[in-house]
Amino acid sequence: MPFKRYVEIGRVALVNYGKEYGRLVVIVDVLDQNRALVDAPDMVRGQMNFKRLSLTDIKIDIPRVPKKKTLIDAMEKADVKNKWESSSWGRKLIVQKKRASLNDFDRFKLMLAKIKKGGLVRQELAKLKKENAA
Amino acid sequence: MAPKAATGRTSRNPDLIRGVGKFSRSKMYHKRGLWAIKAKNGGVFPKHDPKPAAAETPAKPPKFYPADDVKKPLANKRKHKPTKLRASITPGTVLILLAGRFMGKRVVFLKQLTSGLLLVTGPFKVNGVPLRRVNQSYVIATSTKVDISGVDLGKFDDQYFEKEAEKKKKKGEGEFFEAEKEEKKVLPDDKKDDQKTVDAQLIKSIEAVLDLKTYLSARFSLKSGMKPHELVF
């Protein structure tokens with residue numbers, strides 16, 4: 001079981017603790033054994049402990065501590081946003097956020113839809129069972 | 001006197017500092033035109049007869065003097081401020097009732113009455129909640145709104161919901177032993193008609209939205225895994 005995701009300059013990570021919880025950031029420098037300099041397009045560049053970061057599969061090509069403009073261009077080129085949102089991890093987070101923001105009425109409609117879907121599935125299953133039994 | 005005295009009663013003597021006017025007494029005498037008033041009246045200020053004093057009705061001596069001095073309680077002039085309506089509650093909001101007979105029912109908010117209570121209706125046909133008053137504290141406001149523009153709510157106020165004054169019954173011994181006549185309080189027809197007119201408009205706007213009618217006829221309850229402090233209503 002070798003490691004697959006390494007801490008390196010350009011590694012995209014998800015912040016999993018603290019004020020910036022849930023934000024996608026890029027590691028732009030390593031400060032010491034425990035801390036990284038971290039940057040994102042809409043954030044002031046700052047240090048963060050590795051323990052607060054969850055590494056992702058995405059890596060972009062940047063020089064050490066790039067200017068903000070360079071960083072943004074590199075992120076556009078690597079299409080970080082779309083890659084993230086189409087990855088299964090990213091999709092899960094989007095669904096979690098959607099569920100948390102559901103209205104009481106939305107939850108009700110969701111319940112109706114689940115019941116309907118369950119009903120249809122059971123109908124099909126019954127049909128298949130009948131065919132099998134016959 | 002002159003009717004213009006009340007309008008625009010500003011001082012002709014601006015304050016330099018609180019307590020110190022800009023102009024001296026003699027300057028103010030001149031500014032106010034007191035010299036002109038004197039001149040008009042022949043060198044003296046005009047004299048006005050005092051208003052006739054209202055005839056004093058002779059006060060009757062009190063029937064009873066208490067032995068010790070009775071302390072009068074201090075007069076309390078405090079007034080209640082009108083109840084503040086939560087920003088999330090606007091006319092047409094769907095509310096969830098939290099207590100009482102209709103606990104859990106989802107209900108449409110109509111308006112806030114002068115007593116501070118909220119006027120609310122099921123609508124009756126949808127979930128059995130009639131035109132009713134409800135306290136703001138026992139209500140969760142959802143973000144679902146119903147269009148309430150066509151409804152006329154002018155005739156509903158706190159007086160409408162007052163209990164009917166019970167006629168005094170003379171106590172007779174015979175009546176105690178008789179089975180008490182069960183007076184079922186029947187709702188008067190005009191109140192039923194009020195309910196129908198209000199609901200007719202509402203039901204039209206409700207049926208315009210998909211699933212809203214079934215939503216209103218269902219009760220709200222907390223299920224397993226629902227955390228109220230994390231739920232968005």
Side-chain angles (χ1 to χ4, degrees), chain A residues 13-25 40-43 48-49 51-54 56 81-82 84-127, chain B residues 86-98 102-109 120 122-123 126-127 129 134 138-148 202-203 205-233:
Chain A
L14 186 69
V15 179
N16 59 29
Y17 184 91
K19 196 169 143 260
E20 306 286 339
Y21 180 85
R23 202 197 268 275
L24 268 187
V25 292
D42 53 346
M43 181 180 107
M48 223 176 241
N49 194 315
K51 292 186 179 178
R52 292 197 176 194
L53 298 172
S54 301
T56 68
K81 191 162 186 282
N82 285 332
W84 176 244
E85 286 174 2
S86 55
S87 73
S88 61
W89 185 356
R91 277 183 285 136
K92 262 188 275 173
L93 287 188
I94 291 173
V95 168
Q96 279 177 15
K97 261 200 207 115
K98 189 76 176 73
R99 286 210 182 126
S101 71
L102 283 181
N103 196 348
D104 189 43
F105 188 25
D106 294 333
R107 268 175 266 135
F108 183 80
K109 286 189 274 189
L110 182 68
M111 175 191 76
L112 292 182
K114 277 191 184 170
I115 292 172
K116 200 165 183 198
K117 177 178 155 203
L120 290 173
V121 167
R122 238 173 287 141
Q123 266 185 349
E124 290 298 315
L125 184 62
K127 267 193 239 164
Chain B
R86 257 183 273 160
S88 54
I89 303 180
T90 61
T93 313
V94 173
L95 308 174
I96 300 176
L97 300 180
L98 295 175
F102 300 107
M103 191 166 18
K105 291 269 190 195
R106 295 168 171 123
V107 129
V108 178
F109 169 68
V120 127
V126 174
N127 54 19
V129 179
V134 136
Y138 298 95
V139 137
I140 293 181
T142 65
S143 46
T144 318
K145 313 262 184 224
V146 173
D147 180 25
I148 208 178
L202 273 182
I203 289 185
S205 355
I206 288 171
E207 286 180 341
V209 183
L210 194 63
D211 285 337
L212 189 57
K213 199 157 174 215
T214 31
Y215 174 62
L216 290 177
S217 46
R219 283 208 203 217
F220 172 82
S221 70
L222 275 183
K223 309 265 170 34
S224 183
M226 285 172 115
K227 298 174 196 157
H229 70 296
E230 284 181 5
L231 286 179
V232 168
F233 283 101

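Within every chain, numbering begins at 1; the chains are lettered A, B, ... in the order of the sequence lines, protein sequences first and strands thereafter.
- Only the backbone of B:Leu210 comes within less than 4.5 Å of a heavy atom in chain A; its side chain stays farther off.
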Dump the table of donor-acceptor contacts under 3.5 Å between chain B and chain A, or return none if there are none.
from, atom 1, to, atom 2, distance (Å)
B:Arg106, NE, A:Asp104, OD2, 3.1
B:Arg106, NH2, A:Asp104, OD2, 3.4
B:Ser143, OG, A:Asn103, OD1, 3.1
B:Ser143, OG, A:Asn103, ND2, 3.3
B:Tyr215, OH, A:Asp104, OD2, 2.7
B:Val232, O, A:Arg107, NH2, 2.4

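- Only the backbone of A:Leu102 comes within contact range of chain B, with heavy atoms under 4.5 Å apart.
- Considering only heavy atoms from C-beta on, B:Leu212 comes within 4.5 Å of A:Phe105 through its side chain.
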